[in-house]
Amino acid sequence: MFAYIVRRALQSVLVMAAVAFVAFALFQYMGDPINQMVAQDATLEQRNALRALLGLDRPFYVQFLLFLKNLVTGNFGFSFRVGTPVAQIIAERLPATLELVFVAALFALFVGVPAGVYTGLHRHGALSRFMLTVSLIGVSLPTFLIGILLILIFAVMLGWLPSFGRGTTVQLGFWSTGFLTTSGLKALILPSITLGLFQTTLIMRLVRAEMLEVLRADYIKFARARGLTNRAVNFGHALKNTLVPVITIAGLQIGGLIAFAIITETVFQWPGMGFLFITSIQFVDVPIMSTYLVLVALFFVIINLVVDLLYFAVDPRLRVDRSVSAH
Amino acid sequence: MALLEVEHLRIEFPTRRGTLVAVDDVSFALAEGEVLGVVGESGAGKSLTGNAIIGLLEPPGRIAAGEIRLSGRRIDNLPYEEMRKIRGKQIGAVFQDPLTSLNPLYSVGQQLIETIQTHTDLTPTQARTRAIELLAEVGIPGAERRVDHYPHQFSGGMRQRVVIALAICVNPRLIIADEPTTALDVSIQAQIIALLKRLCRDHGTAIMLITHDMGVIAETADRVAVMYAGRVAEIGPVRSVIKEARHPYSHGLMGSIPKISDSKDRLEQIEGSMPRLTEIPAGCAFNPRCPQVFDRCRVERPDLMDAGDTRASCWLYAHG
């Protein structure tokens, strides 16, 4: 078990290094950031001086190694655009994105899993058919369209919920939270539904398919033959057996939520990392972009590690126990 | 009074092309502590009958007619929740494949304790003690330690022992064993049969043993019912049916078992094969394959009638 975690951690480091390289290499081709930083009438000397100051005149590999070294030491550089440390900018934006993703993930899990179980158990029910039809919309409509539709209905026409921003936030140390104010909570509703709708429907359809599969298994029939209650059979035996694939997909999807937050944040003018990333692209703000990519990769890696560890918790067949013989 | 009475049981499957009758007019009874073997080819309706008794027919299959009574109480029309309380507690079940009968994610102890606690008021500690006793009783060495192991840590034969422990854990009066040895090695089969026989004797449990293995029947059963195309062809004491089967089908079935003393190049076989549910012929379902067929067999369907020591549904034994 311990050896497994160490091995996975080492693999994760390699993945992170590869992502850092790709992220860094990609932005070498995004145009000259100097153009955005100097006045239009700046002389060539001024431009070169700035380039030398930022280290952009050095060879690619030197820049990359420096970037890596800085990453490891926690120094993410300075934003080309505003001149403040990237770490500070990201730290300001990170809570907004993480809170949005957290609520969207909760929404996806707590609506998706029960809906999947329900539609799996009541295959031919009217409500099941209705939910499946609605889920088709969730799977097929693009995020930005859902966001705009929700804004149109709940913000513009009904006027119940705000159409943009985080509302009032409360500062807890470095973390600014929207969970503690009514306006903050109200502001979370539309963006998190927009962000999580696709994942909700995906998880629902996955749980449903797995439930249908598992309910046919012999051990379910045997559990019924033992006279166990429906509750114990459906939730104790059937649902637990659907969890391994569901955890895999849910884990990947939560990583996806962080990445897809870019679109939702843009639609709702949400002051998070995704919105920051979009603005940074316009200004070729390489330090922010590469840090953002590395950070998203880090979240993916952490989530995957957690998913792998959850397998062990769920499935005893993976816990290799060499002291037990087969007979 | 018989423990289990099945009367005129009829199981139908409504399909788009009409209703299929998978089990038709099946009647038999089981006394306390008796072992009834049910034999027949695949599709003869053996397992469906067993599933109907424990109330677990898979939809769209349904009981269309007849009655099933346990200790005189009618159980075929009980609501799901009432029937659930009978399953496990009064009627245990053992299925064919021990590899898939146990939930892989729970230890055998958890599955035993869960079943025991569903049907009794034992505390978790008492239930665990009972689980260990049960595992020891079905012959699992080191039950104390094995109770916390998961199904994948047991071999096939050991898993079937666990399944049997689960079936008997609250002392049911009847066990429906649906091909309990089919998925096992021959050497293990004998052990499992011996175990079932011993448990049945010790607890006075009746067993309905569904199989297509005549050897198992000969060794275990008190009486045997031979099923063909959804009907009982012959039912009677196991010796009579094996030694001098009256129904031409059961006669042919017994004849097709190779004897170790004979040296034949070809095995005896019954010509043709069992009809599909959609093509069951009029009259006796066996008539196209029967060597002793006569006119009446093609028109009129025979019910069970006395034929020597057994009862056979065959016009050969019609009196008058």
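Not measured: the values here are computed from a predicted model. Note on naming: letters A, B, ... go to the chains in the order of the sequence lines (proteins, then strands), and numbering restarts at 1 for each one.
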Calculate, to the nearest 0.5 Å, the distance between atoms [atom1] and [atom2] belonging to [X] and [Y] respectively.
X      : Y      : atom1 : atom2 : result
B:R87  : A:L228 : CZ    : CG    : 9.5 Å
A:R226 : B:I54  : CZ    : CD1   : 12.5 Å
B:T115 : A:F222 : OG1   : CZ    : 7.5 Å

Give a yes or no on whether [X] atom [atom1] has more than 12 heavy-atom contacts from other residues, nucleotides or ligands under 6.0 Å away.
X      : atom1 : result
B:E81  : CD    : yes
A:Y118 : OH    : yes
B:D202 : CG    : yes

key: Heavy-atom contacts under 4.5 Å, residues 161-168 of chain B to chain A   =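 The stretch touches chain A at B:V163, B:L166.
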ask   = Which of residues 95-114 of chain B get closer than 4.5 angstrom to chain A, counting heavy atoms alone?
value =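 Contacts with chain A: B:F95, B:D97, B:T100, B:S101, B:L102, B:N103, B:P104, B:L105, B:Y106, B:Q111, B:E114.
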inquiry  = Using modelled atom types and a 3.5 Å cut-off, is there a donor and acceptor pairing between side-chain atoms of B:R84 and backbone atoms of A:G227?
reply    = yes
message = Which one wins on heavy-atom pair count under 4.5 Å against chain B: A:D315, A:N241, A:I220, A:V314?
response =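 Of the candidates given, the most pairs with chain B belong to A:N241.
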key: Heavy-atom contact with chain A under 4.5 Å, split by part of B:I91   =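 For B:I91, the backbone is the part near chain A, not the side chain.
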request  = Can you tell which part of A:A225 gets under 4.5 Å to a heavy atom of chain B, answering side chain, backbone, both or neither?
outcome  = both
